[in-house]
Trainee: 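This structure is in structure tokens; I'll ask about it shortly.
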Amino acid sequence: QNLRGSCWEEAAHFFDLPDFLSWKATGSLERSLCTLICKWTYSPETGWDHSFWTSIGLEDLLADNYSKIGAHASCPGSPLGQGLTEQAALEMGLNTGTAVAASLIDAHAGGLGVIGADVKGNDLPCERQPITSRLALICGTSSCHMAISESPIFVPGVWGPYHSAMVPGFWLNEGGQSATGKLIEHVVTGHAAYPELREKAEARGENVYTALNTRLRELSQDAPPDLLTAHLHVWPDFHGNRSPLADPTLRGTVVGLSLSHSLDDLALLYLATVQSIALGSRHILDTMREAGHDISTLFLCGGLSKNPVFVRAHADITGV
């Protein structure tokens with residue numbers, strides 16, 4: 001409504017970024033079901049809901065069969081137009097006509113890639129289980145927890161269900177944590193011992209998280225890793241809770257701090273933070289299961305999946 005006096009009438013189209021990029025590449029106005037379903041109010045079965053746009057005073061978007069926001073949509077991966085336009089090909093150093101597919105949102109691309117992983121020949125229990133038994137955890141700056149089902153499942157505090165938004169023919173539920181990798185970075189770099197950690201890591205030619213993981217292995221020789229933080233607890237919602245509490249006003253808490261701020265204190269606070277994130281994933285997983293999902297395996301991708309402490313904490317705490 002704020003744009004009506006400036007540019008609303010002049011705007012030819014409104015895009016989410018993935019669809020904008022595919023339009024720039026091909027000239028095609030075809031939208032992705034992934035973006036329209038997850039970020040708008042589009043239904044793959046019935047299309048746009050006329051009554052919704054009318055009720056909020058944006059009935060002008062109905063004009064020309066919703067041409068401004070998407071008259072046609074395709075499943076992610078479907079070919080768009082005639083591929084790269086001549087101009088786009090020139091700018092990108094590729095051949096005109098190079099195939100361009102309907103887009104996926106970033107986490108959904110990761111989810112699709114990992115949830116369909118071929119695990120045959122590795123003697124894993126999930127090898128003999130349906131794809132709906134898998135939870136894709138895309139973990140980086142923030143994290144997304146993607147579960148699919150053959151029929152719609154409504155999970156409190158979890159987005160969806162969205163039909164064919166990630167895997168064609170399946171319903172998607174999308175949980176998430178607003179800050180995970182960013183939270184770990186915040187806790188580590190804000191600690192008084194961080195300059196000492198960085199100096200020692202650089203001297204050994206390794207990153208700070210490898211150095212912390214090494215120190216935790218040394219500390220765990222005297223006690224099991226889980227007991228190292230028995231008196232130190234983190235509530236990880238420094239940036240609110242996306243799922244399953246769906247409360248953006250929540251804030252983080254650290255309980256059990258002392259006056260000490262040694263490098264070992266930093267290592268333990270780092271571990272407690274990672275464990276708190278894993279407990280958040282457990283909360284999401286339990287909520288999905290209570291609503292009807294039958295999940296028995298986690299499939300991880302993203303930067304945090306390269307951190308063995310993060311992966312082990314998730315395995316231990318979720319039990320899958």
Side-chain angles (χ1 to χ4, degrees), residues 13-49 52-53 61 65-84 88 98-117 131-132 134-155 157-178 242-243 246 284 288 293 295 299-303 305:
H13 303 286
F14 296 99
F15 294 100
D16 273 283
L17 179 59
D19 289 326
F20 172 77
L21 293 175
S22 62
W23 169 70
K24 287 287 287 184
T26 67
S28 172
L29 292 172
E30 192 93 0
R31 310 301 174 91
S32 168
L33 283 176
C34 182
T35 53
L36 290 193
I37 295 171
C38 295
K39 302 301 183 183
W40 294 68
T41 59
Y42 189 85
S43 165
E45 288 82 18
T46 60
W48 297 108
D49 181 352
F52 171 76
W53 298 108
L61 292 178
N65 190 29
Y66 291 96
S67 62
K68 281 193 173 185
I69 58 175
H72 304 285
S74 296
C75 282
S78 302
L80 295 178
Q82 301 301 314
L84 284 180
T98 298
V100 176
S103 58
L104 280 161
I105 300 166
D106 50 3
H108 299 66
L112 178 64
V114 74
I115 207 169
I131 193 173
T132 52
R134 303 177 177 186
L135 178 71
L137 174 53
I138 299 86
C139 42
T141 304
S142 58
S143 292
C144 286
H145 303 67
M146 322 288 267
I148 59 174
S149 56
E150 294 182 352
S151 58
I153 299 176
F154 291 85
V155 184
V158 172
W159 295 354
Y162 306 127
H163 191 239
S164 294
M166 187 173 79
V167 181
F170 287 86
W171 295 83
L172 169 68
N173 285 108
E174 179 187 346
Q177 293 166 294
S178 302
R242 176 177 160 187
S243 301
I284 294 170
M288 286 181 166
H293 281 283
I295 297 167
F299 280 67
L300 278 65
C301 69
S305 68

Trainee: If you measure from OG on S143 to CD1 on I138, what distance do you get to the nearest 0.5 Å?
Mentor: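 Reported value, rounded in 0.5 Å steps: 8.5 Å.
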Trainee: Enter the distance from W159:CH2 to M146:CE here, rounded to the nearest 0.5 Å.
Mentor: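 With rounding to 0.5 Å, CH2 (W159) is 10.0 Å from CE (M146).
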Trainee: Taking the side chain as everything from C-beta on, heavy atoms only, tell me whether L135 gets closer than 4.5 Å to H293.
Mentor: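 Counting from C-beta outward, L135 and H293 never come under 4.5 Å.
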Trainee: If I take atom CD from residue Q82 and atom OG1 from residue T98, how far apart are they, to the nearest 0.5 angstrom?
Mentor: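 Reported to 0.5 Å precision, the distance equals 12.5 Å.
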Trainee: Can you see which heavy atom on P152 is nearest to which on P161, and at what distance?
Mentor: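 Minimum heavy-atom contact is CB-CG, 3.7 Å.
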Trainee: Relative to the ring of W40, is the ring of W53 parallel (under 30°), tilted (30 to 60°) or perpendicular (over 60°)?
Mentor: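 Tilted: the ring planes of W53 and W40 meet at 30° to 60°.
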Trainee: Out of curiosity, L33 CG to L104 CG, how far, rounded to the nearest 0.5 Å?
Mentor: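 It comes to 10.5 Å.
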Trainee: With side chains defined as the heavy atoms from C-beta onward, is the minimum distance between M166 and P76 less than 4.5 Å?
Mentor: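 When only atoms from C-beta onward are counted, P76 and M166 do not touch, as no gap falls below 4.5 Å.
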Trainee: Could you check whether any side-chain heavy atom of D19 comes within less than 4.5 Å of a side-chain heavy atom of S103, counting everything from C-beta outward?
Mentor: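 A side-chain contact exists here, since the closest heavy-atom pair is under 4.5 Å.
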Trainee: Could you tell me if the side chain of I115 sits less than 4.5 Å from the side chain of F299, heavy atoms only?
Mentor: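 No, their side chains stay 4.5 Å or more apart.
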Trainee: Could you tell me which non-hydrogen atom of H145 sits nearest to which non-hydrogen atom of L137, and how far apart they are?
Mentor: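 Of all heavy-atom pairs spanning H145 and L137, the closest is NE2-CD1, 3.3 Å.
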Trainee: Does the plane of the ring in H13 sit parallel, tilted or perpendicular to the ring in W23? Use 30° and 60° as the thresholds.
Mentor: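 Tilted.
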Trainee: Walk me through whether W171 and Y162 qualify under ring-ring contact (aromatic ring centres under 6.0 Å, His included).
Mentor: CA-CA 5 Å; W171 295 83; Y162 306 127; 9.1 Å; no
Trainee: I295 and A147: which non-hydrogen atoms are nearest, and at how many Å?
Mentor: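 Scanning both residues, the minimum pair turns out to be CD1-CB, 3.9 Å.
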Trainee: If you define the side chain from C-beta out and look only at heavy atoms, does anything of S43 sit under 4.5 Å from D49?
Mentor: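 Not in contact.
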Trainee: If every non-hydrogen atom of C75 is compared with every non-hydrogen atom of A102, which pair is closest and at what distance?
Mentor: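 It is O-CB, 3.5 Å.
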Trainee: If I take atom CG from residue L80 and atom OG from residue S32, how far apart are they, to the nearest 0.5 angstrom?
Mentor: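 Those atoms lie 8.5 Å apart.
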Trainee: How about V100 and L84: do any of their side-chain heavy atoms sit closer than 4.5 Å?
Mentor: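 In short, these two side chains touch, coming nearer than 4.5 Å.
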Trainee: Any non-hydrogen side-chain atom of L29 less than 4.5 Å from a side-chain atom of F15?
Mentor: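 A side-chain contact exists here, since the closest heavy-atom pair is under 4.5 Å.
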Trainee: Do the side chain of S243 and the main chain of G157 share a donor and acceptor less than 3.5 angstrom apart?
Mentor: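 Flag set: sc S243 to bb G157 pair under 3.5 Å.
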Trainee: Output the distance between atom OG1 (T35) and atom CG (L17), rounded to the nearest 0.5 Å.
Mentor: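 Atom-to-atom, T35:OG1 and L17:CG are 10.0 Å apart.
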Trainee: Of all the heavy-atom pairs spanning I69 and W48, show the shortest one and how long it is.
Mentor: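 Closest approach of I69 to W48, heavy atoms only: O-CZ2, 3.6 Å.
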Trainee: Looking only at heavy atoms, which two atoms of S142 and Q177 are closest? And how far apart?
Mentor: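 Taking every non-hydrogen atom into account, CB-O, 3.2 Å.
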Trainee: Within the 4.5 Å heavy-atom criterion, are E174 and R242 side-chain neighbours or not?
Mentor: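 Touching, per the 4.5 Å side-chain cut-off.
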Trainee: Please identify which of these residues, N173, I153, I131, meets the side chain to side chain contact (heavy atoms under 4.5 Å, CB included) condition with I148.
Mentor: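 When N173, I153, I131 are each tested with I148, the side chain to side chain contact (heavy atoms under 4.5 Å, CB included) holds only for I131.
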